[in-house]
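Naming convention: chains lettered A, B, ... in sequence-line order (proteins, then strands); numbering from 1 in each chain.
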Protein chains: 2
Amino acid sequence: MNTLSYGLLSLLNRNSRTGYELMQHIQPFWQAKHSQIYPLLAQLEQKGHVQFVHVPQSDKPDKKVYSLTELGREALRQWILKPTDEPVTRDELMLKVYCIGLVDRDQARKVIEDREVFYRQRLLKFEKSYEQLQQNCEKRLDELGLQDPQFSHYVLLHKALARVKGDLAWCDWVKAKL
Amino acid sequence: MNTLSYGLLSLLNRNSRTGYELMQHIQPFWQAKHSQIYPLLAQLEQKGHVQFVHVPQSDKPDKKVYSLTELGREALRQWILKPTDEPVTRDELMLKVYCIGLVDRDQARKVIEDREVFYRQRLLKFEKSYEQLQQNCEKRLDELGLQDPQFSHYVLLHKALARVKGDLAWCDWVKAKL
DNA sequence: CTTTATTATGTCATTATTGACATATAGATG
DNA sequence: CATCTATATGTCAATAATGACATAATAAAG
């Protein structure tokens, strides 16, 4: 079973979700299209790691709400203890920087600024969900710790936020040099 | 032509290199195995974007040193001006965090610490090459700017270093909470 | 009134990427 | 003396991931 499949189980450990929701929530740490996720969910269902219930909706298309089974939870426990794969990053912008001297200053600056716009949108999105979460989680940390159902979400958002702030700082720094 | 192919051309714009060297130098921003890079270089050679010369070696296996052609350089100029793909990250550790509550504190801490070891090795590697580069580049920035052959390398290492420092800080922060 | 965006699911051909195999030399470790 | 690591190239089957297509309801924008 591949990493993304475990990732889907991992999200389902916190909440039951639809395939569509899983795709949205896994995004910051593992980008995948729905065309990859739906077949994997079908596989996981066949193996008995997840279950689903049809939820008819009148205003929107019907959905399938998936939840983790005990078998799936046991698979997760074993997965956590296995060695963790190294993180993969693939960033076209960085590859462009290697030859940025081929274009003039204004064009080079625009390449960086376009990415800055992207990072700023991400920052806004993360900041919104982070702030309430932070206050709640820090308060309850002493009592609940790892068992707090929001703890992992808080820890992950912290990472995503720090990452994107660092990326934006780099954009500023390099623009000043161009 | 795919992004990695342009990335290889981009590296070759700075220096002529072997496929093996390209694989090593592109690593921080685009992880790829030699089994992907060698076929792409063969394609690029057929299209006339790169050339190579055989360099016999007695102590090590013979190598092929690739260099960028004028056609390849022109392809790069057009590539830079096209919209840049969003960066892709795939991090198994983050997916594990979603269900870290399934194991006990010590096991959870070990998962983070293993990644910390990996980050620390990266930090050492980047720091070594960065420091001399920084002094040289900052001095020459006023005179040469983008045209400094080491400028892009400096800017990229700055990014890689900042990234890994942030990642290490997160490891510390989250370990204190576990 | 048409187009676009969001929610929601799915399939399938194509492309990208990996892992295993293969070969070869030198130096280090055990 | 055997094994491991690094350098250096290459092929190919298997897997992972994308992009295009398909369907369908609602709401908003032009």
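Taking atom CD of B:Gln31 as the reference point, atom P of C:dG19 lies 13 Å away to the nearest angstrom. Look at NE2 on A:His34: it is 12 Å from P on D:dG19, rounded to the nearest Å. Atoms CD (A:Glu92) and P (C:dA16) sit 13 Å apart, rounded to a whole Å. In this structure, CG of B:Leu4 is placed 15 Å from P of D:dT18, rounded to the nearest angstrom. The interatomic distance linking B:Asp62 (CG) with C:dT23 (P) rounds to 18 Å, in whole Å. In this structure, the CD1 atom of A:Ile37 is 19 Å from the P atom of C:dC12, given to the nearest Å. Between the CG atom of A:Leu8 and the P atom of D:dA16 there is a distance of 13 Å, rounded to whole Å. One can place CE of B:Met1 at 15 Å from C1' of C:dA16, the figure rounded to the nearest angstrom.
For B:Gln57 and C:dT25, the shortest distance from a side-chain N or O to OP1 or OP2 is not below 4.0 Å. Contact annotation: A:Tyr38 side-chain N/O to C:dG10 OP1/OP2 distance is not under 4.0 Å. Checking the phosphate oxygens (OP1, OP2) of D:dA17, a side-chain nitrogen or oxygen of B:Arg90 falls inside 4.0 Å. One finds a side-chain N or O of B:Gln36 lying less than 4.0 angstrom from the OP1 or OP2 phosphate oxygen of C:dT17.
Which of D:dA17, C:dT17, C:dG19 sits closest to the side chain of B:Ser35 comes down to C:dG19. When distances run from any side-chain atom of A:Tyr20 to the nucleotides D:dA8, C:dT7, D:dC12, the shortest one goes to C:dT7. Of the candidate nucleotides C:dT9, D:dA8, D:dA20, D:dA8 has the atom nearest to the side chain of B:Lys60. Considering only side-chain atoms of B:Pro61, the nucleotide from C:dT11, C:dT25, D:dT9 that sits closest is C:dT25. For A:Lys63, taking side-chain heavy atoms from C-beta onward, the closest of the listed nucleotides C:dA24, C:dT9, D:dT9 is C:dT9.
Taking the six-membered ring where tryptophan is involved, the planes of B:Tyr154 and A:Trp173 are perpendicular, since the angle between them exceeds 60° and thus also 30°.
Using a 4.0 Å cut-off between a side-chain N of Lys or Arg and a carboxylate O of Asp or Glu, B:Lys177 and A:Glu138 qualify as a salt bridge. Checked for salt-bridge contact, A:Lys110 and A:Glu113 miss the test: no charged N lies under 4.0 Å from a carboxylate O. In this structure, A:Asp167 pairs ionically with B:Lys159, as a charged nitrogen and a carboxylate oxygen lie closer than 4.0 Å. The pair B:Lys175-B:Glu116 counts as a salt bridge, with a side-chain nitrogen and a carboxylate oxygen less than 4.0 angstrom apart.
Between B:Phe126 atom CZ and B:Leu133 atom CG the span is 13.0 Å, to the nearest 0.5 Å. A:Ser10 contributes atom OG, which lies 10.0 Å from atom NZ of B:Lys96 (distance to the nearest 0.5 angstrom).
Along DNA chain D, the nucleotide closest to A:Lys33 and the one closest to B:Gln24 are compared, and the more 5′ of them pairs with B:Gln24. Each of A:Asp59 and A:Asn2 was matched to the nucleotide of DNA chain D holding its nearest heavy atom; the match closer to the 5' end belongs to A:Asn2.
B:Ala42 comes within 4.0 angstrom of nothing in the nucleic acid, heavy atoms only.
In this structure, the helix from C:dC1-D:dG30 to C:dG30-D:dC1 shows an angle of 30° between the axis at its start and the axis at its end, each fitted on 5 base pairs and rounded to 10°.
Under a cutoff of 6.0 Å and an axis angle of 45°, A:Arg122 and A:Phe118 do not form a cation-pi pair.
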